[in-house]
Amino acid sequence: MAEPMILDGNDVSKRIKDKLALQVAALEQKGVRPCLATILVGDDPASATYVRMKGNACKRLGIESKKIELPKETTTKELLAVIRELNNDSSVHGILLQHPVPSQIDERAAFDEIAIEKDVDGVTTLGFAQNAFGFAHYPSCTPAAILAILDHYQLPIEGKHAVVVGRSPILGKPVSQMLLNRNATVTICHSRTENVSDFVEKADIVVAAVGKPNFIQGEWIKSGAVVLDAGYNKGNIGDCEYDGCAQRASAITPVPGGVGPVTISMLLKHTVEAAERSV
Ligand SMILES: Nc1nc2c(c(=O)[nH]1)N[C@@H](CN(C=O)c1ccc(C(=O)N[C@@H](CCC(=O)O)C(=O)O)cc1)CN2
């Protein structure tokens with residue numbers, strides 16, 4: 001197989017941010033500065049890194065970021081009160097609660113406390129349902145990034161067999177719905193699927209969203225398939241065994257530099273759009 005096309009997330013991300021810079025400047029003319037509130041609960045170092053990356057990306061684009069850090073003992077009740085306060089703060093356009101939260105917190109209740117118009121991370125039950133019907137303003141950011149990469153490289157979705165490995169509420173499930181809404185035939189594999197390789201072998205588009213380093217093996221990949229690796233495992237290792245998958249794929253996202261940077265750009269994009277809608 002010829003060398004695959006490398007789907008360059010840093011390039012896609014830069015193009016998105018270049019457009020956003022113009023939108024931010026236009027908002028400034030109207031006296032509006034987009035503002036994203038980030039909530040980090042506890043001291044998980046990876047989560048702290050991702051929140052910092054989001055804050056830095058906001059700063060570079062002229063988006064305000066309001067950083068809220070809560071101790072790991074925070075209760076659900078306390079977290080809900082913080083979210084309610086942000087919902088009522090008209091200077092805040094988007095709210096991001098970093099996942100995962102400590103185990104004593106009811107994460108679903110916390111996500112669902114976010115007002116739909118500020119759910120720029122696409123985590124509420126209502127946002128999820130709107131996404132399933134195909135009219136969400138803000139689909140969750142990694143699924144949106146995967147679609148943005150496919151579209152940027154004009155890789156066809158309609159009629160293709162997409163196999164999504166993983167069924168998490170902010171990644172596997174919503175990306176499956178988005179691919180279905182774009183007329184792909186979608187198969188979802190998960191932790192109880194027997195012989196995952198039997199399904200991946202038939203895929204034209206593979207979305208790896210398992211959370212297990214190097215889980216998807218090169219020999220599972222059909223020749224010419226498009227591989228999107230949404231894994232962000234420790235040590236910047238994706239869910240796909242890259243070298244093996246790249247030997248068979250026609251196009252593939254690297255880790256790092258693939259889906260990750262576009263995920264952050266999607267969060268910025270949604271925040272700017274929320275600010276535009278607030279005017
Ligand atoms: N509320 C949310 N929580 C989490 C989400 C999310 O979308 N919303 N996603 C993941 C982690 N994540 C963002 O939060 C994330 C992970 C990795 C990257 C990224 O750009 N990675 C870089 C490499 C990073 C590095 O250099 O250290 C890359 O792939 O190039 C972005 C976002 C879990 N939680």
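The first residue in the sequence is number 1, and the count goes up from there. Counting convention: from 1, in listed order, for ligands and their atoms alike. Below, each value reflects all heavy atoms present in this structure, side chains not excepted, and no hydrogens, waters or symmetry copies. All figures in this text were calculated on a predicted structure; none of them were measured in a lab.
Looking at Gln98 next to ligand 1, an N or O pair under 3.5 Å apart turns up. Considering backbone and side-chain atoms alike, Thr49 places every N or O at 3.5 Å or more from each N or O of ligand 1. When only interatomic distances are considered, the shortest N/O to N/O separation between Leu97 and ligand 1 falls below 3.5 Å. By the 3.5 Å distance cut-off applied to N or O atoms, Gly257 is counted among the residues near ligand 1.
The closest approach between a heavy atom of Val255 and any atom of ligand 1 is not below 4.0 Å.
Atoms of ligand 1 lying under 4.0 Å from any heavy atom of Asp121, numbered from 1 in the order shown and given with element: 1 (N), 2 (C), 7 (O), 8 (N). For ligand 1 and Ile264, the ligand atoms under 4.0 Å from any heavy atom of the residue are 31 (C). Short contacts between ligand 1 and Lys54, defined as distances under 4.0 Å to a heavy atom of the residue, involve ligand atoms 13 (C), 14 (O). For ligand 1, the atoms lying closer than 4.0 Å to a non-hydrogen atom of Pro256 are 23 (C), 28 (C), 29 (O), 30 (O).
The residues Asp204 and Lys222 are annotated as salt-bridged, a charged nitrogen and a carboxylate oxygen being separated by less than 4.0 angstrom. The pair Glu69-Lys67 meets the salt-bridge criterion, with a side-chain N (NZ, NE, NH1 or NH2) lying under 4.0 Å from an Asp/Glu carboxylate O. For Arg33 and Glu28, the salt-bridge test fails: no basic side-chain N is under 4.0 Å from an acidic carboxylate O. Ion pairing of Lys66 with Asp89 is present here, as a side-chain N (NZ or NE/NH1/NH2) and a carboxylate O approach within less than 4.0 Å.
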Apply side chain to side chain contact (heavy atoms under 4.5 Å, CB included) to Val259 and Asp229, showing your working. CA-CA 7 Å; Val259 175; Asp229 188 345; 5.8 Å; no
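The aromatic rings of Trp220 and Phe215 sit perpendicular to each other, their planes meeting at more than 60°, with 30° as the lower class boundary.
Distances from atom 24 (C) of ligand 1 to the heavy atoms of Leu267, Asn236, Thr253 show the closest one on Asn236.
When the shell of 6.0 Å around CZ of Phe133 is examined, it contains 12 or fewer heavy atoms from other residues, nucleotides or ligands.
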